[in-house]
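For reference, the structure discussed in these notes is given below.
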Amino acid sequence: MTETTGHGVNQRALIRMTPAEVDAFLAECRTMTMCSLGPDGSIHAIAMWYGFLDGCVTVETKAKSQKVQNLRRDPRLTLLFEAGELYEELRGVELVGRAEIIDDPEQLWTLGLSVFERHNGPFTEEARPFLEAMLHKRVAVKMHAERTVSWDHRKLGLPSTRPVGADAGTGPEPQ
């Protein structure tokens, strides 16, 4: 049944992703925005690469970073993943929940492999020194999502607003 408001069809319900669509979207290789609360209550937002640990979105970061200090004090965490340039292309997922900080070397290595392979391709032993250096003095921040919000404007079936002759995000084609 379509949700409605006093003004007609509720587009929120039309653009919501299914759980399978959310999983597929998160599985794509992208940068996300990670938001924690600073000591003064302001939002600390930072772009991060991520991987997966036990099926949960997880990042690796310096143990003494501001985000880790924030999350040790207050574990509330919001993650934002988005794609699309034009309104009719916009897709995204927001995860709201709590962070778990993990310093176990085995779990950190598992996460490091996940992040590495998502962005660099299959791991080989030649990459071991790079990955070991990447994980030095690091912790994992694992998201335990309590709420998921999603949108996919492509479901609206709107016509393209891309100017004729323009390429995605690069402006007009050269003459």
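Remember, predicted model here, so these are calculated numbers, not experimental data.
- Remark: Glu88 engages Thr161 in a side-chain hydrogen bond (donor to acceptor under 3.5 Å, both in side chains) (not counting sequence neighbours).
- Rounded to the nearest 0.5 Å, atoms OG1 (Thr61) and CD (Gln66) are 10.5 Å apart.
- Hydrophobic cluster membership is shared by Met48 and Leu77, with clusters built from Ile, Leu, Val, Met, Phe, Trp and Tyr side chains linked at under 4.5 angstrom.
- Between Glu85 and Glu89, the closest heavy-atom pair is N-OE1, 3.1 Å.
- Between Ser36 and Leu71, the closest heavy-atom pair is CB-CD2, 3.9 Å.
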Problem set entry | side chain to side chain contact (heavy atoms under 4.5 Å, CB included) assessment of Leu108 paired with Ile102 | CA-CA 7 Å; Leu108 196 55; Ile102 299 169; over 6 Å; no
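- Here Phe25 pairs with nothing under the ring pair (Phe, Tyr, Trp, His ring centres under 6.0 Å) rule; sequence neighbours left out.
- When all heavy atoms are compared, the tightest approach of Arg162 to Ser160 is N-OG, 3.0 Å.
- Listed by chain and residue number, Arg30, Arg91 satisfy the salt bridge (charged side-chain N to carboxylate O under 4.0 Å, His left out) test with Glu28 (two or more places apart in sequence, or in another chain).
- For the atom pair CD1 of Ile46 and OG1 of Thr31, the computed distance is 11.0 Å after rounding to the nearest 0.5 Å.
- The side-chain heavy atoms of Thr78 and Thr33, taken from C-beta on, include no pair separated by under 4.5 Å.
- Side chain of Thr58 to main chain of Cys56: a donor-acceptor pair is present (N/O by atom type, distance under 3.5 Å, no hydrogens or angles).
- Under the side-chain hydrogen bond (donor to acceptor under 3.5 Å, both in side chains) criterion, Glu117 pairs with no residue, sequence neighbours left out.
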For this session: With side chain to side chain contact (heavy atoms under 4.5 Å, CB included) as the test, would you mind laying out the steps for Met32 and Val59 before giving the verdict?
Result: CA-CA 10 Å; Met32 65 153 181; Val59 302; 3.1 Å; yes
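- In this structure, the salt bridge (charged side-chain N to carboxylate O under 4.0 Å, His left out) partners of Lys155, at least two apart in sequence or on a different chain, are Glu21.
- The distance from the SG atom of Cys35 to the CG atom of Leu95 is 11.5 Å, given to the nearest 0.5 Å.
- Under a 3.5 Å cut-off, the side chain of Ser150 and the backbone N or O of Met17 do form a donor-acceptor pair.
- Hydrophobic cluster membership is shared by Leu135 and Phe130, with clusters built from Ile, Leu, Val, Met, Phe, Trp and Tyr side chains linked at under 4.5 angstrom.
- For the pair Asn70 and Pro39, the tightest heavy-atom approach, listed with the atom from each and the gap, is OD1-CD, 3.6 Å.
- Taking every heavy atom of both residues into account, Phe52 and Ser114 meet most closely at N-OG, 3.0 Å.
- Not counting sequence neighbours, Glu132 has no partner by the side-chain hydrogen bond (donor to acceptor under 3.5 Å, both in side chains) test.
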Exercise. Does the side chain to side chain contact (heavy atoms under 4.5 Å, CB included) test come out yes or no for Leu53 and Thr110, once each step is laid out?
Worked result: CA-CA 7 Å; Leu53 196 56; Thr110 299; 3.8 Å; yes
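- Side-chain atoms of Arg76 do not come within 3.5 Å of backbone N or O of Ala99 as any donor-acceptor pair.
- Sequence neighbours left out, the pairs with a member in residues 53-96 that pass ring pair (Phe, Tyr, Trp, His ring centres under 6.0 Å) are Tyr50-Phe81, Tyr87-His153.
- The list of salt bridge (Lys or Arg N to Asp or Glu O under 4.0 Å) pairs with a residue in residues 97-113, not counting sequence neighbours, reads Arg98-Glu146.
- Under the 4.5 Å side-chain contact rule for hydrophobic residues, Met143 and Val68 share a cluster.
- For Lys67, there are no salt bridge (charged side-chain N to carboxylate O under 4.0 Å, His left out) partners two or more places apart in sequence or in a different chain.
- Residues Leu26 and Arg118 come closest through the heavy atom pair O-NH2, 3.5 Å.
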For this session: Quick one: do Val96 and Val149 satisfy side chain to side chain contact (heavy atoms under 4.5 Å, CB included)? Show the steps, please.
Result: CA-CA 8 Å; Val96 179; Val149 179; 5.6 Å; no
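- Atom CG of Asn120 is separated from atom CG of Leu113 by 11.5 Å, given to the nearest 0.5 angstrom.
- Taking CG of Asp152 as the reference point, atom CG of Leu90 lies at 9.5 Å (rounded to 0.5 Å).
- Under the 4.5 Å side-chain criterion, counting only non-hydrogen atoms from C-beta, Thr148 is not in contact with Glu94.
- For His119, the ring pair (Phe, Tyr, Trp, His ring centres under 6.0 Å) test picks out Trp49, with sequence neighbours left out.
- With sequence neighbours left out, Arg138 forms a side-chain hydrogen bond (donor to acceptor under 3.5 Å, both in side chains) with Glu60.
- Once rounded to the nearest 0.5 Å, the distance linking CG of Leu80 with CE of Met34 reads 13.0 Å.
- Not a single salt bridge (charged side-chain N to carboxylate O under 4.0 Å, His left out) links Asp23 to another residue, sequence neighbours left out.
- With Arg73 contributing its side chain and Leu37 its backbone, the two residues share a donor-acceptor pair below 3.5 Å.
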